[in-house]
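Taking it in order: structure first as structure tokens, then the write-up.
Below, chain A is the first sequence line, B the second, and so on; all start at residue 1.
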Amino acid sequence: MILMTLLKPNNRPRKWRGFLAGIFMVCAITAPITITAPAQAQRVEESVMLVDALVAAIQDLTENHASAQEAYAKTDAIINQFFDYESIARFCVGPYWRKASAEQRAQYLAAFRKVLIAQTINNLDNFNSIEYRHQSANAKGKEWVIVNGIIIDKTATNPQVAVAWRIRDKAGEPLYIFDLSIENVSMLITQRDENTAIIRQNAGDLDALIARLNEQSQAISTNN
Amino acid sequence: MQDLLSPIFAKRVVPLFLVILLVGACANSDDGQARGDPYETFNRQAFGFNTKLDDVVLEPAARAYLTTPALAQTMLTNFADWTTLPSTTANSIFQGDIRNAGLGVLTFLVNGLTLGLADLTEPQDDPVPTSFDDTMQKINIGAGNYVVLPFLGSGTTRSHTAWVVDAITNPLGFASSPAVSAIRVAAPPARAITFRGNNYDWINDVKYNALDPYARTRSIYFQSDDQQDNQTNQDEESTDDFDDFIEAEQ
């Protein structure tokens with residue numbers, strides 16, 4: 001009854017209006033937090049599942065590929081499913097992406113993808129002797145989730161290695177894997193430093209990197 | 001005063017002070033600048049020399065090391081680690097970490113019963129390895145520029161200077177017995193071969209599969225070094241290349 005009285009506009013005392021306005025403001029401020037926190041926790045959980053799914057996909061690729069062509073097709077599908085390939089490729093040439101022509105960009109994207117696939121297939125045998133174990137996960141910085149784990153050598157020859165997967169968590173978009181750090185060394189930063197060094201050594205010419213990438217994918221394929 | 005004129009003082013301590021003054025001047029000159037590679041031309045030449053040295057000496061030696069039984073590999077690695085303990089002890093004292101210095105002495109003496117070939121102490125009692133590079137970092141001497149030296153490999157002006165200082169101040173260097181001299185001579189190759197052997201696949205991956213082995217090595221060095229600095233200076237927020245990438249995207 002008291003509540004009804006308070007809610008009737010004509011009877012609502014002025015001091016209660018201030019109180020309710022205060023309550024509203026508190027709710028307005030805290031609501032995004034209370035809504036965002038479980039949503040963020042869910043994205044972190046989904047990131048862990050994404051990494052587990054990638055590990056399972058690689059495991060499947062390692063165990064079930066009849067031919068080199070099949071391995072190539074499966075690796076290509078894994079890249080499409082788990083990674084935003086174009087963003088990763090863009091990151092790996094730093095500022096030179098903006099300076100590149102549309103044709104150079106297309107050639108670079110194709111050449112870099114070939115190297116990634118060739119390197120993955122080249123290392124498939126190594127995946128048989130290792131096991132990934134998840135350890136923890138947390139949101140970090142702008143739009144990132146870090147999933148931490150360890151790689152264990154099943155043969156017990158090598159010590160365990162700490163790894164961290166960096167997942168891009170952009171609002172309204174699916175999660176995708178962006179980077180892998182091994183013992184705090186980022187694979188993507190290393191690749192970017194290497195790529196940009198080659199471009200710089202060739203007076204800023206992206207074509208030089210494209211040529212090197214094509215040479216490398218060819219060399220890896222020939223060795224296999 | 002007599003002590004100050006002794007040959008040991010003249011041979012070891014005076015060069016040490018000169019080296020500290022030199023590295024202090026070099027390291028402070030680039031404080032606050034982004035990490036670059038101003039000596040890249042020289043560095044690439046030194047890297048090329050080291051790669052050739054690796055081809056003919058280290059890689060074959062490491063391959064031979066890896067063909068020995070696991071026990072022999074462990075013993076050689078233990079010996080290599082053991083020879084660094086005097087330096088760890090001396091630098092722990094410089095850094096005021098008396099506990100680590102005590103553990104260094106204890107581990108050196110206990111494992112010294114087997115000439116360092118066996119690790120008789122518990123892992124939790126092992127001292128944290130430290131060098132004069134860490135000592136200089138603790139007193140805020142900047143890392144300086146990236147430098148690759150023949151034989152020594154990747155480092156900074158500070159870390160290479162530290163290597164010289166550690167060699168000069170290593171307590172093993174003050175003993176004159178033939179046995180200690182033999183240990184002193186055997187230590188550097190043992191460390192080089194065990195390091196190369198224990199990281200055989202990683203190093204070969206860089207050497208044979210990298211688009212630019214020099215650039216990849218430098219990147220890995222910088223990232224590892226930054227990580228150590230971040231661990232030492234935990235209050236400082238590290239810059240994030242990935243956040244920069246998102247910002248540039250928007």
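Heavy atoms only, all atoms of each residue included: B:Phe245 and A:Ser87 are closest at CZ-O, 3.5 Å. The minimum heavy-atom distance linking A:Thr190 with B:Arg216 is given by the pair CG2-CG, 3.4 Å. In terms of heavy-atom proximity, B:Arg218 sits nearest to A:Ala197 at NH2-CB, 3.9 Å. Residues B:Ala215 and A:Asp193 come closest through the heavy atom pair CB-O, 4.0 Å. Here the closest heavy-atom approach between residue A:Ile182 and residue B:Trp202 is recorded as CG2-CH2, 3.5 Å. A pairwise comparison of heavy atoms in B:Gln223 and A:Ile189 identifies NE2-CG2, 3.6 Å as the closest pair.
Dense packing is recorded around CD of A:Glu63, with more than 12 heavy atoms of other residues, nucleotides or ligands lying under 6.0 Å away. Counting heavy atoms of neighbouring residues, nucleotides and ligands inside a 6.0 Å radius, atom NZ of A:Lys74 exceeds 12 of them. Residue B:Trp163 qualifies as open at atom CH2: its count of foreign heavy atoms under 6.0 Å is 12 or below. The environment of A:Gln59 atom CD is dense: over 12 non-hydrogen atoms of other residues, nucleotides or ligands sit within 6.0 angstrom. The number of heavy atoms from other shown groups lying within 6.0 Å of OH (A:Tyr132) is above 12. Under a cut-off of 6.0 angstrom, the local environment of NZ in B:Lys52 is sparse, with at most 12 non-hydrogen atoms contributed by other residues, nucleotides or ligands.
With a 4.5 Å cut-off on non-hydrogen atoms, B:Phe222 does not touch chain A at all. Proximity to chain B (any heavy atom under 4.5 Å) is restricted, for A:Asp179, to the side chain, taken from C-beta onward. With a threshold of 4.5 angstrom between heavy atoms, A:Glu215 does not approach chain B through any atom at all. For a residue to count as touching a neighbouring chain, one of its non-hydrogen atoms must lie under 4.5 Å from one of that chain's; by this rule A:Glu183 does not touch chain B. A:Ser186 touches chain B through backbone and side chain together, each having a heavy atom under 4.5 Å away. Proximity to chain A (any heavy atom under 4.5 Å) is shown, for B:Ala70, by neither the backbone nor the side chain.
Interface summary for chain B: among A:Leu213, A:Val115, A:Asn195, A:Leu188, the most heavy-atom pairs under 4.5 angstrom belong to A:Leu213. Of the listed residues A:Lys170, A:Glu143, A:Arg98, A:Gln201, the one with more heavy-atom pairs under 4.5 angstrom with chain B than any other is A:Gln201. The choice from B:Asp243, B:Leu211, B:Asp37 that makes the most heavy-atom pairs within less than 4.5 Å of chain A is B:Leu211.
Counting only N and O atoms by type, the side chains of B:Ser219 and A:Glu194 include no donor and acceptor under 3.5 Å apart.
Here A:Arg166 pairs with B:Asp240 in a salt bridge; the nearest charged N to carboxylate O distance falls below 4.0 Å.
B:Asp205 contributes atom CG, which lies 9.0 Å from atom CG of A:Asn126 (distance to the nearest 0.5 angstrom). Remark: A:Arg168 CZ to B:Ile246 CD1 distance equals 4.0 Å, nearest 0.5 Å. With values rounded to the nearest 0.5 angstrom, B:Glu40 atom CD is found 6.0 Å from A:Arg200 atom CZ.
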